[in-house]
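Lettering follows sequence order; numbering is per chain, from 1.
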Protein chains: 2
Amino acid sequence: MNKQTNEQSLKDTRERILDAAEHLFMQYGYDGTSMRVVTNEAGVNLAAANYHFGSKESLMQAVLRRRLEVINQERLRLLDEAEANAGGKPLKPSVIIDCYFGTLLRIAADQKAGGETFLRLLGRTFTEPSDFIRAFMSTEYADVLERYKQALFRSLPDVPKAEIVWRFHFMLGATSYAIAGTDALHLVTDWQFDEGSAEQDKNLLPRLMSFLIGGLRAPLPQFENEAGPTADKSANKDAAA
Amino acid sequence: MNKQTNEQSLKDTRERILDAAEHLFMQYGYDGTSMRVVTNEAGVNLAAANYHFGSKESLMQAVLRRRLEVINQERLRLLDEAEANAGGKPLKPSVIIDCYFGTLLRIAADQKAGGETFLRLLGRTFTEPSDFIRAFMSTEYADVLERYKQALFRSLPDVPKAEIVWRFHFMLGATSYAIAGTDALHLVTDWQFDEGSAEQDKNLLPRLMSFLIGGLRAPLPQFENEAGPTADKSANKDAAA
DNA sequence: CTAGAATTAAAACGAACGTTTGAATTATAT
DNA sequence: ATATAATTCAAACGTTCGTTTTAATTCTAG
């Protein structure tokens with residue numbers, strides 16, 4: 001065969017392994033997935049995985065990196081664009097939240113095949129116990145998280161930075177659960193609403209965005225050890241300008 | 001030895017295994033924890049774990065049930081009490097949220113030793129991939145979730161039930177992440193604020209409560225396929241009465 | 001066409017896994 | 001004290017794990 005066919009089949013083996021690993025890591029977790037089931041589902045030889053990726057850990061990193069690079073680069077690009085359009089003024093919190101969380105859901109919706117699968121894998125990856133996974137995620141997210149953190153600081157100058165970080169943390173959690181699958185949702189409800197999976201996906205983003213912005217802009221908490229009485233919650237100052 | 005010493009040592013073996021399993025499952029996950037490291041950390045023989053619990057799966061269930069029973073019974077008791085005091089009128093959303101999420105954090109704070117450990121384990125358990133764990137959680141939570149769902153429906157009669165279920169889901173996610181450890185939080189920030197771990201724990205509840213109630217009461221989302229223009233978000237109706 | 005590199009294939013490696021066995025030990029009760 | 005039950009113990013069971021090895025096969029390039 002010619003060169004094209006060769007490179008095609010090479011890419012096919014690598015990508016078939018990545019696709020199978022993505023799906024199985026999502027469904028059974030990293031520790032719960034063996035190299036044998038990955039290569040079986042990919043239809044390749046067991047040794048091919050170690051030949052192309054070196055180890056199971058490296059395979060997991062490759063699975064995550066393949067899509068995270070696209071998502072995080074788009075996140076940085078959109079934030080740059082929004083800040084350029086704002087002309088030096090702080091961005092609205094809702095714009096920042098949409099650049100971060102909206103980009104994630106929109107890109108995942110684009111990639112028809114593995115998009116939803118990767119979303120659910122990503123949701124679970126944040127709570128993966130393996131040290132090397134958390135270390136990988138930490139470095140992979142360091143830049144984009146720092147940029148968005150600073151953008152939120154500028155956007156909410158009257159809110160203590162510690163509160164912003166905590167609420168960013170809460171938003172990450174709510175989003176991860178939202179996308180980590182409807183399994184946890186079935187746990188909450190019988191879920192006999194008439195909408196199908198398609199409409200669920202379509203409406204997830206506006207639903208999530210409303211919740212996230214509502215939480216981000218909620219009145220600041222009253223700590224017990226702070227000065228002043230434990231006032232009525234409705235008397236609290238709104239978090240967002 | 002007398003009867004007391006016997007029962008004491010019996011309970012000690014069982015509880016030492018439970019304590020060790022709780023800690024190791026939290027740190028390394030279910031699949032990442034072997035029966036050998038559990039029994040080693042507990043200082044008991046390997047076969048003792050299978051003798052007392054039958055299998056690794058049953059051990060995991062015993063670890064979860066030991067503390068979940070206390071928490072969920074208290075959740076039901078507080079909701080009963082609140083509804084009795086309300087005299088037939090719907091409860092405020094903030095009261096419901098505090099009964100559910102506040103109880104979790106307060107009980108965990110009480111149990112000095114394993115409280116925080118179990119909180120972090122529970123946060124991760126919701127995303128555990130193993131089928132038997134999710135099945136166990138589903139049955140273990142069925143009653144309390146149904147009761148709180150109905151309470152929220154009554155509390156927010158003008159909000160579509162599907163939205164309430166989704167927002168309950170988001171709240172569960174935000175809470176799980178909040179308690180699943182500051183590991184994910186270190187991922188977000190350098191976290192060089194001057195507060196120590198003690199103050200973090202003390203302030204987590206009010207911080208989380210503000211965020212959750214803000215998200216729950218956020219304006220309802222506008223779906224693209226709905227009637228009416230994509231209005232300014234501030235024009236939306238508030239979700240809570 | 002052919003040498004050499006890249007990839008695939010079957011088989012095996014040692015280690016670690018959950019679980020079981022059967023004897024030894026300890027507690028309980030008459 | 002003694003029979004009975006409950007618990008602990010060391011050892012081993014068969015299986016599966018990630019990885020490696022070595023040979024066969026396929027592709028690339030002169």
*Asks:* Specify the separation, in whole Å, of atom CG of B/L24 and atom P of C/dC17.
*Replies:* 12 Å
*Asks:* So which pairs with a foot in residues 55-65 of chain A pass side-chain hydrogen bond (donor to acceptor under 3.5 Å, both in side chains), sequence neighbours left out?
*Replies:* A/S55-A/S58
*Asks:* What is the distance, to the nearest angstrom, from the CD1 atom on B/I17 to the C1' atom on C/dT19?
*Replies:* 14 Å
*Asks:* Without placing hydrogens or testing angles, list every side-chain donor-acceptor pair under 3.5 Å for residues 40-50 of chain A, not counting sequence neighbours.
*Replies:*
{"from": "A/E41", "atom 1": "OE2", "to": "A/H23", "atom 2": "ND1", "distance (Å)": "2.9"}
{"from": "A/N45", "atom 1": "OD1", "to": "A/A47", "atom 2": "N", "distance (Å)": "2.9"}

*Asks:* Within the structure, does a side-chain N or O atom of B/T13 lie under 4.0 Å from either OP1 or OP2 of D/dT7?
*Replies:* no
*Asks:* For B/T127, which residues count as a side-chain contact (heavy atoms from CB on, under 4.5 Å) partner, sequence neighbours excluded?
*Replies:* A/R124, A/T127, A/Y177
*Asks:* Looking at A/H52, I'd like to know whether one of its side-chain N or O atoms comes within less than 4.0 Å of OP1 or OP2 on C/dA6.
*Replies:* no
*Asks:* Tell me, please, which residues at least two apart from A/E81 pass salt bridge (charged side-chain N to carboxylate O under 4.0 Å, His left out).
*Replies:* A/R77
*Asks:* What is the separation between atom CE on B/M60 and atom P on C/dG18, rounded to the nearest whole Å?
*Replies:* 13 Å
*Asks:* Separation of B/N45 atom CG from C/dT21 atom C1', in whole Å?
*Replies:* 12 Å
*Asks:* Under 4.0 Å between a side-chain nitrogen and a carboxylate oxygen: does that hold for A/R106 and A/E74?
*Replies:* no
*Asks:* Rounded to whole angstroms, how far apart are CG on A/D12 and C1' on C/dA6?
*Replies:* 16 Å
*Asks:* Which residues satisfy the salt bridge (charged side-chain N to carboxylate O under 4.0 Å, His left out) test with B/D131, sequence neighbours excluded?
*Replies:* B/R134
*Asks:* Strictly under 4.0 angstrom, non-hydrogen atoms only: write out the protein contact profile of nucleotides 13-25 of chain D, one letter per nucleotide from the 5' end, B, S or -.
*Replies:* ----BBBBB----
*Asks:* How close or far is atom P of C/dA16 from atom OH of B/Y28, stated in whole angstroms?
*Replies:* 15 Å
